[in-house]
Enquirer: 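This is the structure I have questions about; it appears just below.
Nothing fancy with the numbering, it's 1 onward along the sequence. The figures that follow rest on heavy atoms only: side chains count, while hydrogens, waters and symmetry mates do not.
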Amino acid sequence: MKIIKEEITFETGKSFKIFSPRLKNYFYWHYHPEIELVFVEALNGIRHVGKNISGFVENDLVLIGSNIPHLNFDYGIETEYHQIVVQFHEKFVQHIVVPFDEYESIRVLLEKADMGLSFFMKNNTK
């Protein structure tokens, strides 16, 4: 399958955008220079980021670095799900994070996301 470069546009003066895509029946293997944070709430699913393919159960939270190929996270999900994607402008790190010392831990986190970074959540049931 060919990897497609996704062209992302932002509203004038905005450094990020938030949306909830619904592409579950569309195989969209793509990359883009923007950093992306993806949250999927679903019974289960499969995550394809770079060379890694893995499953998730209940929730998935992934931070994807610049130009990392990935598949849409809702591909093949057959149950109800909710997905939220936050895309940060490619100049976000350079103009907003790097100039300020207070964002040092965020800069380090974004560097670790160069190949994708998943966060595991434990349900807190009472």
Side-chain angles (χ1 to χ4, degrees):
M1 221 6 125
K2 184 177 179 182
I3 300 174
I4 299 167
K5 181 178 182 185
E6 179 180 8
E7 298 295 333
I8 296 173
T9 58
F10 291 86
E11 291 181 32
T12 303
K14 303 290 182 177
S15 62
F16 68 91
K17 66 192 249 183
I18 301 173
F19 59 103
S20 294
R22 302 289 288 185
L23 301 169
K24 73 180 190 173
N25 295 319
Y26 182 64
F27 188 92
Y28 188 42
W29 185 240
H30 65 286
Y31 69 97
H32 41 76
E34 294 78 12
I35 295 169
E36 189 168 79
L37 181 66
V38 180
F39 174 73
V40 182
E41 185 177 27
L43 188 58
N44 57 40
I46 296 176
R47 172 191 328 121
H48 295 78
V49 178
K51 295 180 180 180
N52 181 272
I53 300 173
S54 54
F56 66 88
V57 177
E58 294 181 8
N59 297 314
D60 196 30
L61 179 63
V62 179
L63 183 61
I64 305 168
S66 179
N67 293 312
I68 304 301
H70 56 285
L71 183 63
N72 49 302
F73 286 75
D74 58 348
Y75 178 70
I77 293 180
E78 296 182 11
T79 61
E80 287 297 315
Y81 70 95
H82 183 67
Q83 179 174 219
I84 299 172
V85 175
V86 181
Q87 292 174 326
F88 297 93
H89 195 285
E90 62 183 308
K91 295 181 181 177
F92 176 81
V93 175
Q94 179 185 10
H95 291 133
I96 296 174
V97 176
V98 171
F100 301 99
D101 292 339
E102 64 190 344
Y103 293 133
E104 176 66 15
S105 57
I106 293 173
R107 186 189 58 73
V108 170
L109 177 67
L110 294 174
E111 285 176 3
K112 290 180 181 180
D114 264 357
M115 294 306 293
L117 187 60
S118 63
F119 301 88
F120 297 95
M121 297 173 271
K122 183 178 179 183
N123 278 348
N124 186 10
T125 57
K126 295 182 180 181

Enquirer: Looking only at non-hydrogen atoms, find the nearest pair between Phe56 and Ile46 and report the distance.
Expert: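 Shortest heavy-atom contact: CE2-N, 3.7 Å.
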Enquirer: With a sphere of 6.0 Å drawn around OH of Tyr103, does it hold more than 12 non-hydrogen atoms of other residues, nucleotides or ligands?
Expert: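 Incorrect, the count does not exceed 12.
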Enquirer: Restricting to pairs with a member in residues 66-84, which pass salt bridge (charged side-chain N to carboxylate O under 4.0 Å, His left out), not counting sequence neighbours?
Expert: none
Enquirer: So, Asn72 side chain and Tyr26 main chain: donor-acceptor pair closer than 3.5 Å or not?
Expert: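 Checked: pair present.
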Enquirer: Out of curiosity, His89 NE2 to Ile96 CD1, how far, rounded to the nearest 0.5 Å?
Expert: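 Output value for this atom pair is 9.5 Å.
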Enquirer: For the CD1 atom of Ile35 and the CG atom of Leu110, what is their distance to the nearest 0.5 Å?
Expert: 4.5 Å
Enquirer: Do you reckon Leu43 sits in the same ILVMFWY cluster as Phe39, going by side-chain contacts under 4.5 Å, direct or chained?
Expert: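 Leu43 and Phe39: separate clusters.
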Enquirer: Output the distance between atom NE2 (His30) and atom CD1 (Ile68), rounded to the nearest 0.5 Å.
Expert: 12.0 Å
Enquirer: With rounding to the nearest 0.5 Å, note down the distance linking CG in Asn59 to CG in Asn44.
Expert: 11.5 Å
Enquirer: Would Arg22 and Tyr81 count as a cation-pi pair here, with the cationic atom under 6.0 angstrom from the ring centre and within 45° of the axis?
Expert: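 Pair Arg22/Tyr81 counts as cation-pi.
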Enquirer: Starting at OH of Tyr31, measure out to NZ of Lys5 and round the result to the nearest 0.5 Å.
Expert: 5.5 Å
Enquirer: Please tabulate, for side-chain N and O atoms in residues 7-20, each donor-acceptor pair with protein atoms closer than 3.5 Å (sequence neighbours left out).
Expert:
unit_1, atom_1, unit_2, atom_2, d
Lys17, NZ, Thr9, O, 3.2
Ser20, OG, Gln83, O, 2.9

Enquirer: State which residues pass ring pair (Phe, Tyr, Trp, His ring centres under 6.0 Å) with His95; sequence neighbours excluded, sorted by chain then number.
Expert: none
